[in-house]
Amino acid sequence: IPSCWDQEFIKESVAWDIKTQGVNGHPASPHSGSYLVRMRDLNWDYPVTKLVTCPLNLSGASTPVLKFWHTQEAWDSNQDVLRVYYRTAATSAWVLLATYTGSISSWTMETISLPNPSSAYYIAFEANIGNAYGVCLDDIEIWKNDCTVNTWTGRKSRDWFSPSNWSCGVIPMITTDISIPAGMSNYPLISVTGAVCRTLTVSTGAVLEMN
């Protein structure tokens with residue numbers, strides 16, 4: 001777990017941990033990469049622990065969004081629960097964002113809008129362990145998500161697409177996500193995948209190199 005993250009033990013002292021898979025293959029592998037983060041306990045103590053992010057500077061984002069991949073498969077009649085909280089400063093009270101109480105047997109992407117963005121924003125993933133297969137998380141991301149029109153800076157397509165090429169700092173995934181001005185029937189070459197920009201406005205004087 002990154003060194004700047006923290007854990008708050010609400011009940012008992014069971015920590016979140018980095019693993020290569022879930023318990024007995026539930027899930028069999030991370031959503032991507034080599035590792036996932038998991039909390040699980042079988043001592044019937046029903047521990048509760050928050051996994052807390054580093055402070056996040058969201059002051060420049062008008063509509064930030066939390067996205068993460070998640071499993072919490074039931075075991076017989078036992079079920080673990082995940083709650084997601086936020087706070088706007090290190091000493092602020094935690095505010096509940098979402099609660100997941102059902103069985104989630106395969107990787108599922110969760111999306112939560114983040115209210116009240118601040119310059120020291122914290123998110124906590126609180127696992128309430130009920131002796132099932134545990135709560136597993138992967139690919140936790142914060143999306144600024146406040147870019148409605150994206151201006152191309154005039155770089156040629158051979159320069160590829162990277163966050164520095166875009167005013168909103170994201171990358172289009174497929175050519176259908178790009179709006180080309182009237183009279184131009186071709187598309188710039190897309191070589192990288194990433195977040196989706198729905199509309200692309202070409203700046204005055206920009207040079208498009210077609211392929």
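Computed from a prediction, not measured in an experiment: that's the story for all the values here. The figures that follow rest on heavy atoms only: side chains count, while hydrogens, waters and symmetry mates do not.
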Worksheet entry | Any R38 side-chain heavy atom under 4.5 Å of V23 side chain | yes

All heavy atoms of W75 vs all of N131, minimum pair found to be CE3-O, 4.1 Å

Check your understanding: Do the side chains of I142 and L56 get nearer than 4.5 Å, heavy atoms only?
Key -> yes

OH (Y35) and CD1 (I1) are apart, to the nearest 0.5 Å, by 13.5 Å

- prompt: Hey, quick one: are V135 and Y46 part of the same hydrophobic cluster, counting side-chain heavy atoms closer than 4.5 Å, chains of contacts allowed?
  reply: no

### Message
I want to know whether Y122 and Y86 have ring centres closer than 6.0 Å.
### Response
no

Audit row: I104, H70, side-chain contact (heavy atoms from CB on, under 4.5 Å) steps and yes/no
CA-CA 8 Å; I104 303 173; H70 171 213; 3.4 Å; yes

Exercise. Would a hydrophobic clustering, with Ile, Leu, Val, Met, Phe, Trp and Tyr connected at side-chain separations under 4.5 Å, put F9 with V48?
Worked result: no

Of all heavy-atom pairs linking A74 and S103, the shortest is N-OG, 3.0 Å

* To do: Step by step, work out the side-chain contact (heavy atoms from CB on, under 4.5 Å) result for L66 and E141.
  => CA-CA 6 Å; L66 167 67; E141 300 175 337; over 6 Å; no

Checking I112, D139, D138 against F68 for side chain to side chain contact (heavy atoms under 4.5 Å, CB included), the one that qualifies is I112

Here the gap from I129 atom CD1 to D80 atom CG, rounded to the nearest 0.5 Å, amounts to 4.0 Å

Only one of L114, L51, L58 passes side chain to side chain contact (heavy atoms under 4.5 Å, CB included) with I123, and that residue is L114

Distance col, row I10:CD1 vs W94:CH2, nearest 0.5 angstrom, shows 9.5 Å

TODO: Over 60° means perpendicular and under 30° means parallel, so classify the ring planes of H31 and W107, tilted if in between.
DONE: perpendicular

| query | Going hydrophobic residue to hydrophobic residue with side-chain gaps under 4.5 angstrom, can you get from V14 over to L137? | reply | yes

Closest non-hydrogen atoms of T101 and Q79, given as atom of the first, atom of the second and distance, are O-CG, 3.2 Å

Do N57 and S118 make a side-chain contact, defined as non-hydrogen atoms from C-beta onward lying under 4.5 Å apart? no

Closest non-hydrogen contact found for N116 with T88 is O-CG2, 3.3 Å

Margin query: Please determine whether residues F125 and Y100 belong to a single hydrophobic cluster, defined as Ile, Leu, Val, Met, Phe, Trp and Tyr linked transitively by side-chain heavy-atom distances below 4.5 Å.
Written below: yes

Is the backbone N or O of A132 less than 3.5 Å from a side-chain atom of R40, with the two atoms forming a donor-acceptor pair by type?
yes

>> Can you confirm whether N78 sits close enough to W44 that some side-chain heavy atom of one is under 4.5 Å from a side-chain heavy atom of the other?
In response: yes

Mind checking whether L82 and L36 sit in one hydrophobic cluster, side chains of I, L, V, M, F, W, Y counted as touching below 4.5 Å?
no

Taking NZ, NE, NH1 and NH2 as the nitrogens, is one of them in E8 or R87 under 4.0 Å from a carboxylate oxygen of the other? yes

(request) Could you check if a side-chain atom of W143 sits within less than 4.5 angstrom of a side-chain atom of P64, using non-hydrogen atoms only? (result) no

Tell me, yes or no, whether the heavy-atom count around Y85 atom OH, taken from other residues, nucleotides or ligands under 6.0 Å, exceeds 12.
-> yes

CG of N128 to CZ of R83, rounded to nearest 0.5 Å, is 4.5 Å

Rounding to 0.5 Å, atoms OG (S105) and OH (Y133) come to a distance of 11.0 Å

Minimal heavy-atom distance between P30 and T20, with the atoms involved, is CD-O, 3.1 Å

All heavy atoms of T49 vs all of Q7, minimum pair found to be CG2-OE1, 3.7 Å

Run the salt-bridge test on K50 and E126 with the 4.0 Å N-O cut-off and return the result as yes or no. yes

Between the CD atom in E110 and the NZ atom in K67, the distance rounded to the nearest 0.5 Å is 12.5 Å

| said: Does Q72 form a side-chain contact (heavy atoms from CB on, under 4.5 Å) with C136? I'd like the steps, not just the answer. | reply: CA-CA 6 Å; Q72 54 178 47; C136 297; over 6 Å; no

For D76, the side chain to side chain donor-acceptor pair (under 3.5 Å) test, sequence neighbours excluded, returns none

